[in-house]
Amino acid sequence: MQRSHAVQNIKTQLNAAQYEAVTTTEGPVLVIAGAGSGKTRVIEYRSLYLVQQNVDPESILLLTFTRRSAQEMIQRASRNDTRCAKIDGGTFHSFASKVLRRVSLSLGFSGSFTIYDEGDAEEAIRRCCNKMGYDQDKEFPKKNELKTVFSVCVNKGMSVDDAVQRMYSDYEDFTSEIKTVQKEYMDYKRRNNCLDYDDLLIYLKLALDNEELRDRISSRYRYIMVDEFQDTNGVQADIAQLLARKNGNIMAVGDDAQSIYGFRGANHLNILEFPKRFPGCKVIKLEENYRSTQPILDVGNAVLSNMKHKFEKRLVSGPGLKGEKPALRRFDDIYEEAAWVADRVQSLRAQSVPMREIAILFRTAYTSMPLQSELIKKGIRFKLFGGRKFYETAHVRDVISYLRIVANPADELAWHRVLLLLPGIGTRTVERLLELISSEDSLPHIIDKAITPFCAGQKHSDVLSSFRTVVQSIDSPSLTPAARLDKVIAHYDPIMKAKYKKDASRAKELFMLRNMAQRYDSLKEFLADVSVDPDKEGPDDSEYVTLSTVHSAKGLEWDKVFLIGLVDGVFPSGRSLIENNASDIEEEQRLFYVAVTRAKQELSLSFYDKGSGEKGSGGLCRFIVSRNVKETIEERGVAAAIRRPPAKHFSKRRR
DNA sequence: GGCTACTGTCTTTTT
DNA sequence: GACAGTAGCC
Ligand SMILES: Nc1ncnc2c1ncn2[C@@H]1O[C@H](COP(=O)(O)OP(=O)(O)OP(=O)(O)O)[C@@H](O)[C@H]1O
């Protein structure tokens, strides 16, 4: 009785196609539909529906693109039925990290592995190059280029030869050296008990390829749902398939026109070929858009129609929402634009528009700096997404490294970092110490055999013994991660003050880190989340404007959206133009489509003249210049720009 | 010999 | 503002 009431309730929240997707629980299902058509809502209500059919929530697995979106969906479903909180969800990477801690021994490595972020991986590669003496050659590929090659090999399933030829043909003469570095790098990670992001996927797939392990991992999952399937890569699609092999109940959701992670190996063909991969798959299309007004959708449609790959879909507002044509404004420079946007946000605030319903989107995070200072000047609170900084700043990494050596004493990069901070120790001494450290197998041994003897005859013996004491004291398993951080920070504080003079913001950030750590009981979990979950803070219900890269805005929506910096060479990015690679530029175009379709009621487009540099025209973004797109927008003069006195030319010089 | 402080270069997008 | 490379200092 109660159940049918609940199902009835679900039905009222969905249209017919959505309802069909929600209630088709058995077998493979593909939901493919345009932006704002209610795909996310399908996943949310399907989770709820399953649980209300008395499916064990722990047997439902929800794989999404960011952990934040998984958590949000689960949270919303839980509001209707608290059992939903037990649904298992996360990104492919976070799922892999969790599973591998459990089964790593069967694959031949310890469960206490460290996860490298991009910076760590590059540093490890640098060390491998040095070891081989390749760093002497100035022409040799840079470490980040090498990382890209290795990553492409994994994520696009290519050989080193193909990857080098396709992406860096200049380096073809180095191909055999590059292969050597790759081997060295793999060896290095194994010795140090570390995995990079790609390894997480590779090893998870490896585990799933083994029948017995696959059973151990996947038997508990009876229903699997994957969001944003157009942005999965080959390995991830394989993983999904292997996980679903037993029960066959898998739903993929996505929109091929919104594929924006090709640079990371995503293959938008995955979603189109999903029915081939899963024979008997039911394909459901959602036709109506519930998010945006028709004039906003018209811009999206015009962009869609310009794409080389033709998408037959057209976005139509289901409820027939009316609204203003999106406006396009031109500014003299980026500072004018920033000042104008900040002004507009301020007047919206004066009209009591909730700040949560406003977002300012841009192609690259660092171009938002002028805007940030304008908002600060006006006392408008904002939160920045994308352009990942926090965990990458030197001081945060320093502090985290102390914890890493405790969690995994074989983590050479962490030792390297921590030792270099000590006075009187430079690169040479660090290398000597690392040599000693690598031959010991536990932290106490390392301290006894390597650190203590070294400290003996040193000048700065006071600092060195303080270092030793701290490392020893944070090795106690009974301490919480936060308590350990306290000790580390106490030791690190004077080092930081010496390194960065008077910088209060860094101390504040370490305090934030400590607060985050407080939510964890286990050190390993905390460290795993630091690398696998970029989401820094907990829930925050204060009022703030969202500043975000378009990539990080995927799947989200706001009443008012300002899309700034629509300058050819900025958006599309200069990098994509310089290579003149058609598929890169198309990805930028899809990115623009994603950006436009975030807005519910009001969309403002703006650009400034940059003057043509080497890359791009420096004028208006090429995706807007097309006649059919221009017809969907309203070009506005900028009264505000004239109002601005030359004050900000001042700030321009100072920036 | 090894450490440190200084200078010039370059900055897409993210798990 | 972070990093690589370099010159000078202990
Ligand atoms: N059946 C419906 N009736 C009314 N509103 C709906 C319905 N389905 C979805 N919506 C609303 O439409 C908006 C967009 O939905 P949703 O975020 O699920 O779309 P999406 O397809 O996931 O979009 P994107 O591809 O951009 O991620 C949301 O505000 C959602 O609440």
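Reminder, nothing fancy here: chain letters follow the sequence lines and each chain counts from 1.
- The side chain of A/Arg432 approaches B/dG2 more closely than any other nucleotide in the set B/dT15, B/dT14, B/dG2.
- Listed nucleotides B/dC3, B/dT13, B/dT15 differ in distance to A/Arg428; the shortest reach to its side chain belongs to B/dC3.
- No side-chain donor-acceptor contact under 3.5 Å links A/Asp117 and A/Tyr391.
- Closest to the side chain of A/Thr91, out of B/dT15, B/dT13, B/dC3, is B/dT15.
- Closest to the side chain of A/His551, out of B/dT12, B/dG2, B/dT13, is B/dT13.
- Between A/Arg264 and B/dT12 there is no side-chain N or O to OP1 or OP2 distance below 4.0 Å.
- Scored by the ring pair (Phe, Tyr, Trp, His ring centres under 6.0 Å) test, A/Tyr593 finds no partners at all (sequence neighbours excluded).
- Taking the 5.5 Å centre cut-off and the 30° plane limit, the aromatic side chain of A/Tyr261 is not classed as stacked on B/dT13.
- Phosphate proximity of B/dC3 to A/Thr429: present, with a side-chain N or O under 4.0 Å from OP1 or OP2.
- The phosphate of B/dT14 has OP1 or OP2 within less than 4.0 Å of a side-chain N or O from A/Thr549.
- With sequence neighbours left out, the salt bridge (Lys or Arg N to Asp or Glu O under 4.0 Å) criterion links A/Lys554 to A/Glu228, A/Asp231.
- Across the protein-nucleic acid pair, A/Glu587 atom CD and B/dT12 atom P stand 15 Å apart, rounded to whole Å.
- Residues meeting the side chain to side chain donor-acceptor pair (under 3.5 Å) test with A/Asn270, sequence neighbours left out: A/Thr232.
- Using a 4.0 Å heavy-atom distance criterion, A/Leu591 is classed as making no nucleic acid contact.
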Below 3.5 Å between N/O atoms, which protein atoms pair up with nucleotides 1-6 of chain C? Just atom names and distances, please.
from, atom 1, to, atom 2, distance (Å)
C/dA4, OP1, A/Lys143, NZ, 3.3

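- Under the side chain to side chain donor-acceptor pair (under 3.5 Å) criterion, A/Lys142 pairs with no residue, sequence neighbours left out.
- Taking side-chain N and O atoms only, A/Arg363 has no distance below 4.0 Å to OP1 or OP2 of B/dT12.
- For A/Tyr197, the ring pair (Phe, Tyr, Trp, His ring centres under 6.0 Å) partners at least two apart in sequence or on another chain are A/His93.
- Distance from the side chain of A/Phe263 is smallest to B/dT14 among B/dT14, B/dT15, B/dT12.
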